[in-house]
Amino acid sequence: MADYSKFFDPLSLILDLDEKIQENEAVHDSSDHSSQPSTSQNKTSFPEIVISILQTDQTICQACHINKWKYKCPKCEFHSCSLLCSKLHKETYNCNGIRSKTTYIPMPEYGYKELMSDYVFLEDVSRAVDSAHPLIERAQFSHNKPVYEPGYYEYNDCKDFKGSFLEYFLRESEMVHAKVRRYQSPDEYPFTELKNLPKPIIPRLEYPPILKPNNINVNPKIMDFYVNQIVPSLCAMGDDKNYGSVATRDVTCLQAISQRIHYGKFVAEAKFRDPNNKSTYKEYIKSRDRKAIEELLTNKDVEAKLLKRLKRKALIYGQDITDDFKLDPEHTSKHLKIDVDLVVQMYEKFVIPLTKEVEVDYLLERPLDD
Ligand SMILES: O=C(O)C(=O)C[C@]1(C(=O)O)C=C[C@@H](O)C=C1
């Protein structure tokens, strides 16, 4: 953040100084009538006055140092009293006044508005693209069934592991990630049970405690759907022997889908905090009415928009850029590396419903008192 201790408008400082000096002199002049003799030693010195102005109390505008502040810059928290002072701080600190989506906000100030704004931001960057994009990469390889067959390989470094090559590779990846505290982040959930993962080797990061404590983890469902439905329908039949490449892509896909779906917890928290719906949510939660909760949090318009955007993005990112490539305005499948309709269907039939399931589960576990 900018160092405001050095910020001042010279003109206001002079005016302010003048005022302080006059006040100071008035105090000392009037003290002539008191029992305290006025001496040059007990007058406030010039540097002291400057310091006292620069260390103004927290209620004063940080631009003019005269008026009480009224506005707090959403980006850098600069306090200003007027449009003019706000403009001045923007110019001086080259601040655009737009709240950074990644800025940490202390929990008491983190309400429905911030949660929704973060959610919309994340929705943009991660909900549609990030979880669909890796699928395009995975679709470049054949199904490669052995990757998913338990016991296909024996693992010399862990003889008693009987899972598939994908599960082995996922577990190894998650062990490394656990060491660098990936699963302490409230939007990251491992597929491997936490008790089988090593402790982080670096200290815990403090995240704003937005979510209420909960144990919801739908990764077993995601794994099942991914291996048995997504991969076989998205990839060409057969075996091209690229097992390592396939496993790396699978891990990326699974993590992206998992993050997207578990993000439902944040969405649910935001929806619950919405002052317009809070009491209705509470009522449905108290009566354990899953269906009513789901209906209340469903927004069909958002779903339709999301699917439309997903299709557009998959069409664009899924284009095969060959030498004779020309952007196909009709988006015909001639240059496509992925079955776009299948991706959309997958979201419609599985990703969105499971996100909603997470939202409902979270709300049913959430304490009602705040
Ligand atoms: O955006 C929301 O409001 C959500 O709850 C998330 C989501 C989704 O999975 O994308 C789920 C349910 C809503 O009907 C719309 C979208």
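Numbers here simply count residues along the sequence, with the first being 1. A quick note: this is a predicted structure, and the numbers were derived from the prediction, not measured. We count ligands from 1, going down the list as the structure has it; atoms in each ligand are counted the same way.
- Under a hydrophobic clustering in which Ile, Leu, Val, Met, Phe, Trp and Tyr are joined whenever their side-chain heavy atoms come within less than 4.5 Å, directly or via other members, Val227 and Tyr153 fall into the same cluster.
- Considering backbone and side-chain atoms together, Asn299 places an N or O closer than 3.5 Å to an N or O of ligand 1.
- In the vicinity of Arg260, heavy-atom distances shorter than 4.0 Å reach the ligand 1 atoms 8 (C), 9 (O), 10 (O).
- If you look at Thr298 next to ligand 1, the close heavy atoms, those under 4.0 Å, come from the backbone and the side chain alike.
- Shown in contact with Glu359 at under 4.0 Å from a heavy atom are these atoms of ligand 1, numbered in order with element: 4 (C), 5 (O), 6 (C), 11 (C).
- When ring centroids are compared, Tyr284 and Tyr281 stay outside the 6.0 Å threshold.
- When the side chains of ILVMFWY residues are joined at heavy-atom separations under 4.5 Å, either directly or via intervening members, Val176 and Tyr189 end up in two distinct hydrophobic clusters.
- The option from Glu303, Lys271, Glu357, Glu294 that lies nearest to atom 4 (C) of ligand 1, judged by heavy atoms, is Lys271.
- Of all the atoms in ligand 1, the ones that sit under 4.0 Å from a non-hydrogen atom of Lys356 are 11 (C), 12 (C).
- In this structure, Ile60 and Trp69 have side chains that are not in contact, with every pair of non-hydrogen atoms separated by 4.5 Å or more.
- Heavy-atom contacts of Thr355 reach the following atoms of ligand 1: 9 (O) (cutoff under 4.0 Å).
- The existence of a salt bridge linking Glu91 and Lys87 is excluded, since no basic side-chain nitrogen approaches an acidic carboxylate oxygen closer than 4.0 Å.
- Contacts of Leu306 with ligand 1, taken as heavy-atom pairs under 4.0 Å, involve the side chain alone.
- With Asp361 as reference, Arg290 is the one residue of Lys265, Lys356, Arg290 to meet the side-chain hydrogen bond (donor to acceptor under 3.5 Å, both in side chains) rule.
- Atom CG of Leu368 has more than 12 heavy atoms from other residues, nucleotides or ligands within 6.0 Å.
- Ligand 1 places these atoms under 4.0 Å from at least one heavy atom of Val302: 1 (O), 15 (C), 16 (C).
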